[in-house]
Amino acid sequence: MSIKKNNLTIFNSLTRKKEVFEPLHPGFVGIYVCGPTVYGDSHLGHAKSYISFDVVVRYFRYLGYKVRYVQNITDVGHLQSDADEGDDKIQVQARLERLEPMEVVERYTRSYFEDMDALNVLRPDISPRASGHIPEQIEMTQTLLEKGYAYEVNGNVYFSVEKYPAYGKLSGRSLEDIKSGTRVEVAGDKKNPADFALWKKADPEHIMRWKSPWGEGYPGWHLECSCMSSKYLGDTFDIHGGGMENKFPHHECEIAQSEAAHDKPFARYWMHNNMITVDGVKMGKSLGNFVTIKKALQSHSPMEIRFFILGSHYRSTLDFSEDALHGAARGWQRLQKFYQKLANTPSGNGEDDKAFVSVTEQLQQQFTQAMDDDFNTPRVLAALFDFIKQATPLLEKGALSEAVLDKTRLLFKEITQDVLGLTPELNEDSVSDVELNAVIEVIIGLRQRMRREKNWEMADYIRDELARRGIIIRDTPEGTVWERQV
RNA sequence: GGCGACGUACCCAAGUGGCUAAGGGAGAGGUCUGCAAAACCUUUAUUCGCCGGUUCGAAUCCGGCCGUCGCCUCCA
């Protein structure tokens, strides 16, 4: 498949401007996104991040690129408090749940994928685990020691930021800034407070430990991403994504390690998504103001959540509230109704084809323009609703040829389902329970007779009672239809 | 204290120099309907936190002020 002609621009955090995307290898995109640390259920903030990058990957595929999408699972080395002290998050959770650390990892990795599957986030091509790449991390640490970028103290190995002059280029900080901004007094082992751990010595009570040339220990958090990205994508690759809060220090450290070890540029484009806020404050694990995806799915459908998130740009914050989510749900409902209308409209004599083709082409153009402009999904949604407004009267007139209808159906599906990942959830007449269908049909027939006899009281009673049980009845000019409440 | 964002209608949210400031929700009016719901149509910011400046022209650029937030500890 050839690449669609386009002019995709991406806001590169490294240069702080939008740049035309040029892949390292023609027709191929390598992308690495920081994955979750699996010590708890994912929340809506994770949903925003991974839905955003899901759409990025989907759009590249839509354009015809072969994409390799790598997203790590952090199951070791992520410490609880300041960068290089405190307990491992997984281990803390393991104590809490009285489980083996790897049971915790397994439980929340599954939970994460359950949630992502529900939200129609495509699985990464590779989901490498930090604990499965200990030899690679030891090897990289050795390389950095040999090249003089790192030093060992008492079984700990630290990266020396002074040896890597470009440290700070992503986050726009100088070593001076970092020094003056340090709020936490850090371990006395370090030569410079800004130095970060490549390898940590394991205390006797530390469970997750591996043998290394420096004694038993475990890898520093930043190291896994450097190792696994280069292993699967090469020392230099196209895109590195992640949450804005990881710009410093995590991504800064990744760059330093990788470029020092490989003497090659690391990721060429850095993409950072912004967060979900609640009353203007970041939704985060430590603040306790988060809503887990599982919780949100109790009262909202997966696509409502997805639609809500796509309604703001990935680099903008998105303020969460029940009102805002409800608003999104209604909009998504309307989009689906139109989808049904488009699917079910019978063809006609084709006299409106010209006008319809014109609004379809406009949609195509607006879609490409919006996505090419740093994946502007809110503008895509706006274009879709503009299209709905213009297309509806033409559909209702019924003078469109089958060929023209099909072409538009395909485009609409490509935009909404293939790229935005919004799959219809309306299941009108699609209840699989044959017996239940039959019973409902009988009840509706009964109600029709009452309506003919103008027994409005009974007719309305039946309608209300069915509604209470999630069966919605509507009397349309074409007859009574029913559907399950979504 | 350092680094960096943001402030657009009742809510969510696009727009970063120039036609009438997208879109969704909510509200209002209407078509349809026994009623309802759904759907559809119409409508709702002379104005973009405030004050100056640059410009023929600014929500959009510059300066100041006010406010909110993120990172500098773990966080998507």
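A, B, ... follow the sequence lines: proteins, then strands. Residue 1 opens every chain.
- For B:G27 and B:G17, the P atoms lie 37 Å apart once the distance is rounded to whole Å.
- Heavy atoms of A:K454 sit nowhere under 4.0 angstrom from any nucleic acid atom.
- A:V33 comes within contact range of no nucleotide atom at all, as no heavy-atom separation falls under 4.0 Å.
- Side-chain atoms of A:Y59 and A:D372 include a donor-acceptor pair closer than 3.5 Å.
- One side chain, A:S301 or A:E425, offers a donor N or O that lies under 3.5 Å from an acceptor on the other.
- For the C1' atoms, the distance linking B:A9 with B:G70 amounts to 27 Å, nearest Å.
- One can find a donor-acceptor pair under 3.5 Å joining the base of B:G34 and the side-chain atoms of A:R451.
- Of the charged side-chain nitrogens involved, at least one lies within less than 4.0 Å of a carboxylate oxygen, so that A:E97 and A:R107 count as a salt-bridged pair.
- RNA chain B is contacted by A:N273, A:N274, A:M275, A:I276 of residues 269-277 of chain A, taking any non-hydrogen atom closer than 4.0 Å.
- Between the side chains of A:Q137 and A:W199, no donor-acceptor pair is found at a separation under 3.5 Å.
- Between B:C51 and B:G15, the distance separating the two C1' atoms is 24 Å to the nearest Å.
- For A:P378, taking side-chain heavy atoms from C-beta onward, the closest of the listed nucleotides B:A36, B:A14, B:A76 is B:A14.
- For the pair A:D41 and A:K295, the salt-bridge criterion is not met [side-chain N within less than 4.0 Å of a carboxylate O].
- Whole-Å rounding puts the A:D372 CG to B:A14 C1' distance at 17 Å.
- With hydrogens and angles left out, the side-chain atoms of A:N273 and A:S49 include a donor and acceptor closer than 3.5 Å.
- Remark: A:H300 pairs with no residue by the ring-ring contact (aromatic ring centres under 6.0 Å, His included) rule, at least two apart or across chains.
- Distances from the side chain of A:Y50 to the nucleotides B:A76, B:G15, B:G24 place B:A76 closest.
- Each of B:G70, B:G15, B:A76 was ranked by its minimum atom distance to the side chain of A:R379; first place goes to B:G15.
- A donor atom on one side chain and an acceptor atom on the other are found under 3.5 Å apart for A:T408 and A:T360.
- In the set B:G15, B:C40, B:G23, the nucleotide with an atom closest to the side chain of A:K341 is B:C40.
- Nearer the 5' end of RNA chain B, as judged by each residue's closest nucleotide, is the contact made by A:R16, out of A:F338 and A:R16.
- Side-chain contact of A:N72 with A:Y32: a donor-acceptor pair under 3.5 Å is present, judged by distance alone.
- Using C1' as the reference atom, B:G24 and B:A14 are 11 Å apart when rounded to the nearest Å.
- Atom P of nucleotide B:A39 and atom CG of A:L394 are separated by 20 Å, given to the nearest angstrom.
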| remark: Its dot-bracket string being built from Watson-Crick and G-U pairs below 3.5 Å, with | for another strand and [ ] for crossing, RNA chain B has the pattern ((((((((.[[[..)..(....]]].(((((.......))))).....[[[[[..)....]]]]])))))))....
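- The same atom, P, is picked in B:U73 and in B:G67; the two are 26 Å apart, to the nearest Å.
- Comparing B:G24, B:C35, B:A76 by their nearest atom to the side chain of A:K285 picks out B:A76.
- Checked by atom type and distance alone, the side chain of A:R68 never pairs as donor or acceptor with a backbone atom of A:V29 at under 3.5 Å.
- Across all their heavy atoms, A:E254 and A:H240 have their closest contact at OE1-NE2, 2.7 Å.
- A salt bridge is absent between A:R447 and A:E465: the closest approach of a Lys/Arg side-chain nitrogen to an acidic carboxylate oxygen does not fall below 4.0 angstrom.
- The nearest whole Å value for the distance from the CZ atom in A:R447 to the C1' atom in B:A37 is 10 Å.
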Exercise answer: donor-acceptor pairs, residues 381-394 of chain A side-chain atoms, under 3.5 Å, sequence neighbours excluded:
residue, atom, partner, partner atom, Å
A:T392, OG1, A:I388, O, 2.6

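- With rounding to whole Å, A:I472 atom CD1 is found 12 Å from B:A39 atom P.
- By the 4.0 Å N-to-carboxylate-O rule, A:E114 lies too far from A:R110 to be salt-bridged with it.
- At the phosphate of B:C71, OP1 or OP2 sits under 4.0 Å from a side-chain N or O atom of A:K282.
- Comparing B:C71, B:G24, B:G34 by their closest approach to the side chain of A:F248 singles out B:C71.
- Counting any heavy atom pair closer than 4.0 Å across all strands shown, A:F53 reaches no nucleic acid atom.
- The listed nucleotides are B:A14, B:A38, B:C40; the one nearest the side chain of A:R474 is B:A38.
- If you take atom C1' in B:U55 and the same atom in B:C61, they sit 10 Å apart, rounded to whole Å.
- For B:G29 and B:C65, the P atoms lie 48 Å apart once the distance is rounded to whole Å.
- No hydrogens or angles considered: nothing links the side chains of A:H222 and A:E252 as a donor-acceptor pair under 3.5 Å.
- For the P atoms, the distance linking B:A58 with B:G53 amounts to 12 Å, nearest Å.
- Non-hydrogen atoms lying under 4.0 Å from RNA chain B are contributed by A:W456, A:D460, A:R463, all within residues 455-465 of chain A.
- As a whole-Å value, the separation of A:K169 NZ from B:C3 C1' is 18 Å.
- When the nucleotides B:C35, B:G2, B:A38 are ranked by their closest atom to the side chain of A:R173, B:G2 comes out on top.
- Residue A:R334 places at least one side-chain N or O under 4.0 Å from the OP1 or OP2 atom of B:G24.
- Mapping A:K389 and A:D373 onto RNA chain B by nearest heavy atom places A:D373 closer to the 5' end of the strand.
- No salt bridge links A:D464 with A:R468; every basic N to acidic carboxylate O contact stays at or beyond 4.0 Å.
- Look at CE on A:M283: it is 16 Å from P on B:C69, rounded to the nearest Å.
- Nucleotide B:C41 holds its C1' atom 15 Å from the CD1 atom of A:I388, rounded to whole Å.
- The side-chain tip of A:K285 points at the ring of A:Y39 from less than 6.0 angstrom away and within 45° of straight on.
- Heavy-atom distances under 4.0 Å link RNA chain B to A:G311, A:S312, A:H313, A:S316, A:T317, A:L318, A:D319, A:A324, A:G327, A:R330 of residues 307-330 of chain A, given in residue order.
- Here the P atom of nucleotide B:G67 and the CG atom of A:D279 are 19 Å apart, to the nearest Å.
- Residue contacts for A:G45: at a heavy-atom cut-off of 4.0 Å it reaches a base atom on one of the strands shown.
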